[in-house]
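Here is how names work: the chains are called A, B, and so on, in the same order as the sequence lines, proteins then strands, and each is numbered from 1.
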Amino acid sequence: MPELPEVETVRRGLAAAMVGARFTRVDQRRPDLRFPFPKNFAARLKGRRVEGLRRRAKYLLADLDSADVLVMHLGMSGSFRIEGETDAKTPGAFHHARSKDPAHDHVAFHLSNGKSIIYNDPRRFGFMQIIARDKLGKHPLFRNVGVEPLGAEFDGAQLARLFAGRTAPLKTALSDQRLIAGLGNIYVCEALHRAGLSPRRPAGSLARKNGTPSPRAERLARAIREVLEEAVAAGGSSLRDYRQTNGDLGYFQHKFRVYDRAGEACTRPGCGGRVKRIVQSGRATFFCGTCQR
DNA sequence: AAGCGAACCTGGCTGC
DNA sequence: TGCAGCCAGGTTCGCT
């Protein structure tokens, strides 16, 4: 489900509810998600205060006062919701008009501020870990994670450098979390369309022979930054009932230009092409074969 | 080394 | 209505 904009949206929602609060009780309702929970998961969290909530790639990182970090990944279908809020501007009547199946509520974090944070994940591709803060960068989960596409250093030159010599198609290279961290199937397709580049183009073709970035590399880096920023501003994309932590839908899905729009007319002015669906590395790719070269 | 397909798991949708 | 088959926003593993 969630790519960088959705995880960032969740981070903002959760931060408002949990930073500064302590875990009074943690209910872990099954032994594993994608991986087993760490030993004594609930006990290690109980009594700890959340000092901050960060995002790295598609991971949420809750910094605890124990010098540990609670690491959370939402997989394909994970989501959080916040209960126990007595906020006048979010009356409960519409709060979760379509409530989640409680059978898939796997973890409940009860907080000292009276709120509870519930993790729901039907497919259980998500997972949680507790890692010592000073070991985070060397941990196998993070050791090989690529650059942040919203980071200050991300530009066409860095992109061309990362992709230099690669024969894999752009679609595959952009999806590789070891190179760039946070893009997924939707935003890869959207960024390539905005940049006018074919998902089948070899990734290495973004660099000139002398190693300097081509205008294509600059266009793609700009498109990536732009689509991610717009999506974060829109609260992410809501597919299949995905919601923000406050129950609101994101609305970036209405701005998709190619994703899940096979057969529709290309929206680029004057293009006149049609959106196609192909499969690359086992995943659907949506693009316009007319204006994306 | 790099790239590709399969696997993990459940639910929703399509078509017979 | 029922059921088989396919598809889904991610990641990892094992095989070329």
Of the listed nucleotides (dC8(B), dG9(C), dC9(B)), which one gets closest to any side-chain atom of Arg34(A)? dC8(B)
Charged N-O contact under 4.0 Å between Arg56(A) and Glu148(A): yes
Side-chain N or O of Gln177(A) closer than 4.0 Å to phosphate OP1/OP2 of dG10(C): no
Which base, if any, makes a Watson-Crick or G-U wobble pair with dC16(B), both distances under 3.5 Å? dG2(C)
Hey, does the side chain of Tyr259(A) come within less than 4.0 Å of dG9(C)'s phosphate (OP1/OP2), counting only N and O? yes
Does a nitrogen or oxygen in the side chain of Thr167(A) sit under 4.0 Å from OP1 or OP2 of dA2(B)? no
What I want to check is whether an N or O donor and acceptor connect the side chain of Arg283(A) with the base of dG10(C) at under 3.5 Å. yes
So what does Arg124(A) hit on the nucleic acid, given a heavy-atom distance under 4.0 Å: a base, only sugar-phosphate, or nothing? sugar-phosphate
When you check the phosphate oxygens OP1 and OP2 of dT10(B), does a side-chain N or O of Ser77(A) lie under 4.0 Å from one of them? no
Ala284(A) side chain, from C-beta outward: closest of dA8(C), dC9(B), dG10(C): dA8(C)
Proximity to the side chain of Arg123(A) - top-ranked nucleotide from dC9(B), dG9(C), dC4(B): dC9(B)
Under a 3.5 Å cut-off for both contacts, is dG3(B) paired Watson-Crick or G-U wobble with anything, and if yes, with which nucleotide? dC15(C)
Taking C-beta and beyond as the side chain, do Phe287(A) and Leu192(A) meet within less than 4.5 Å on heavy atoms? no
When you measure from the side-chain N and O atoms of His104(A) to the phosphate of dG11(B), is any distance below 4.0 Å, counting only OP1 and OP2? yes
Quote, to the nearest angstrom, the P distance that separates dA6(B) from dC6(C). 13 Å
Nucleotide nearest Arg166(A) (side chain, heavy atoms from C-beta), chosen from dA2(B), dT11(C), dG10(C): dA2(B)
Taking atom C1' of dG9(C) as reference, at what distance in whole Å does atom CZ of Phe256(A) sit? 8 Å
Reckon Arg277(A) touches a base, only the sugar-phosphate, or nothing at all at heavy-atom distances under 4.0 Å? sugar-phosphate
Between Asp121(A) and Ser77(A): side-chain donor-acceptor atoms closer than 3.5 Å: yes
With distance as the sole criterion, is a donor-acceptor pair present between the side chains of Tyr187(A) and Ser237(A) under 3.5 Å? yes
Contact check, side chains of Arg216(A) and Arg219(A), non-hydrogen atoms, under 4.5 Å: yes
Here the distance between atom P of dG3(B) and atom CG of Leu170(A), to the nearest Å, is 12 Å
With heavy atoms under 4.0 Å as the rule, sort Ser175(A) into base, sugar-phosphate or nothing. nothing
Taking 5.5 Å and 30° as the limits, would you call Phe125(A) and the base of dC8(B) a stacked pair? yes
Out of dG11(B), dA8(C), dT11(C), which has the shortest distance to the side chain of Asp101(A)? dG11(B)
